[in-house]
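These notes are about the structure you will find just below.
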There are 2 protein chains.
Amino acid sequence: MSARRTPVSRRERPAKPALSREGIVAAAVAITRSEGLDRLTMRRLAKELDTGAASLYVYVADIEELHAAVLDDFLSEVEIGSTEGDWRERLRALLDSYRAVLFEQPSLARVALVTRMSGPRYLRAVDAALGLLVEGGLSEYGAALAVDQLFLQATASAAEHGTRARMPDADRQHEDLVAEIDAAPAEEYPHIARIGRLLVAGTPSGRTKWSFDVILNGALATPSPEPE
Amino acid sequence: MSARRTPVSRRERPAKPALSREGIVAAAVAITRSEGLDRLTMRRLAKELDTGAASLYVYVADIEELHAAVLDDFLSEVEIGSTEGDWRERLRALLDSYRAVLFEQPSLARVALVTRMSGPRYLRAVDAALGLLVEGGLSEYGAALAVDQLFLQATASAAEHGTRARMPDADRQHEDLVAEIDAAPAEEYPHIARIGRLLVAGTPSGRTKWSFDVILNGALATPSPEPE
DNA sequence: ACCTGAACACCGTTCAAGT
DNA sequence: ACCTGAACACCGTTCAAGT
């Protein structure tokens, strides 16, 4: 039946493969990797697959679902199996790896914040983190709450920081903020004026490490509420 | 000179007011309030102001700057001056109020995550929070780090939770997640399978309260790193 | 059932031309 | 300097018509 579609005489292109969800997601991942998530549009993706945008809707409900699928594919790079150090060091390594993946493609971090995540790779990372938290002495519900907090922090910091990293005016935006702090009138913003540049001091990684410790120490010191 | 533009004979409309940044932002806020941020487009805004989209670019660099201005206007509703209870209760009230504003318009929470915030209303809220943290015994740098973490948590939870609140398929998405947890194979996700529905147990407000306490307790228990 | 072209209903931003 | 209409270069999604 495919004889009419790919006649022997015309073989400049490799035979057009049949559409499938996997093929669509794979092409979407490739575009995201080479051009960024912003360039991943239904039309651009369709062109890549040598078809029309409308055809994709047989396999994908909408672009949001596509974004979620691309995100989950990226999360397969997260290294969940670190064996160095105690549970705390291993958990830190897991979250560092998660953050590193989202830093590659900060638009994906924003997807992660908005979409309720449920892909297999995400669940895999969450499962590993839960195990380490329970190993560290947290109750089951405590671990459930802490894992949420830890991933939220990692995701949000990637969305926040990563966005600015590659932007042309990243430095300018930072300078603006520093200038605004320097110029903050002490009558209106007494504490900002007093604390001054200490507000933006420290390296990103130093601040991240502090956040991680704060959540862990806090979770260990704070009793879980009643679940229901 | 305006005689030709608004002749006496034609006064069905009130005299078209001159464009200004304040007028533009005010109209943008009005549209956001009545129709949501998603409906706030340059073209829609221009129509409201009885002009063309191109005219707006004299006063606003791009739509991102407009979003930031609208966000800051919304933040004027944040109540920073609670006087009930100790510093901890007052700080909790401040953040609850901040979160409530973003819940009204969750798309704004997403703006807040991506834009480096520097509007006067945001700084006002940050300043008040810094004061309470220092009152609570944190060092200046500790307060600087903690305030970031507290606002990040509040913003992210508004972006995450708020988005789902008003969506038509909010319940469906939640049910999907619960179903996925119930169905999680114990070989692949041992901890998720064991913890089960405890993962999504508790009320949003109970979980939020826990997060707040975790950050505060953690910040009080974790020494600040060297600033530089 | 799957695929398509065309259409619908939009976007943000730029720019030459006017005043 | 400010304002405009028109154009540029796109979007996501739907739908009737084909196979």
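Letters A, B, ... mirror the listed sequences (proteins, then strands); counts begin at 1. Bear in mind the structure is a predicted one, so any value in this text is a computation, not a measurement.
- Remark: A:Glu77 pairs with A:Arg33 by the salt bridge (Lys or Arg N to Asp or Glu O under 4.0 Å) rule, at least two apart or across chains.
- As a whole-Å value, the separation of B:Leu19 CG from D:dA1 C1' is 13 Å.
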Item to check | Reading 5' to 3' through nucleotides 7-12 of chain D, protein heavy-atom contacts under 4.0 Å coded B for base, S for sugar-phosphate only, - for none | outcome: B---BB

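- Using a 4.5 Å heavy-atom threshold, the side chains of B:Leu37 and B:His67 count as touching.
- Distances from the side chain of A:Ala54 to the nucleotides D:dG5, C:dC3, D:dC15 place D:dC15 closest.
- In terms of the salt bridge (Lys or Arg N to Asp or Glu O under 4.0 Å) criterion, residue partners of B:Arg21 (sequence neighbours excluded) are, by chain and number, B:Glu65.
- Rounded to whole Å, the separation between the P atoms of D:dA9 and C:dC10 comes to 23 Å.
- Every residue was checked against the salt bridge (Lys or Arg N to Asp or Glu O under 4.0 Å) condition with B:Glu180, not counting sequence neighbours, and none meets it.
- Taken together, the paired segments of DNA chain D that extend over three or more consecutive Watson-Crick or G-U pairs, each closer than 3.5 Å at both contacts, are C:4-8 with D:12-16, C:12-16 with D:4-8.
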Could you tabulate the donor-acceptor pairs under 3.5 Å formed by side-chain atoms of residues 190-201 of chain A, not counting sequence neighbours?
{"unit_1": "A:His191", "atom_1": "ND1", "unit_2": "B:Asp127", "atom_2": "O", "d": "3.2"}
{"unit_1": "A:His191", "atom_1": "ND1", "unit_2": "B:Asp127", "atom_2": "OD2", "d": "3.3"}
{"unit_1": "A:Arg194", "atom_1": "NH1", "unit_2": "B:Glu140", "atom_2": "OE2", "d": "3.0"}
{"unit_1": "A:Arg197", "atom_1": "NE", "unit_2": "A:Asp182", "atom_2": "OD1", "d": "3.2"}
{"unit_1": "A:Arg197", "atom_1": "NE", "unit_2": "A:Asp182", "atom_2": "OD2", "d": "3.4"}
{"unit_1": "A:Arg197", "atom_1": "NH2", "unit_2": "A:Asp182", "atom_2": "OD2", "d": "2.6"}

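- A straight line from CG of B:Leu49 to C1' of D:dC2 spans 15 Å, rounded to a whole angstrom.
- Every residue meeting the salt bridge (Lys or Arg N to Asp or Glu O under 4.0 Å) condition with B:Glu35, not counting sequence neighbours, appears here in chain and number order: B:Arg44.
- A search for ring pair (Phe, Tyr, Trp, His ring centres under 6.0 Å) contacts involving A:Phe151 returns A:Tyr98, A:Tyr122, not counting sequence neighbours.
- Taking B:Arg124 as the reference, A:Tyr189, B:Ile80, B:Arg121 meet the side chain to side chain contact (heavy atoms under 4.5 Å, CB included) condition, with sequence neighbours excluded.
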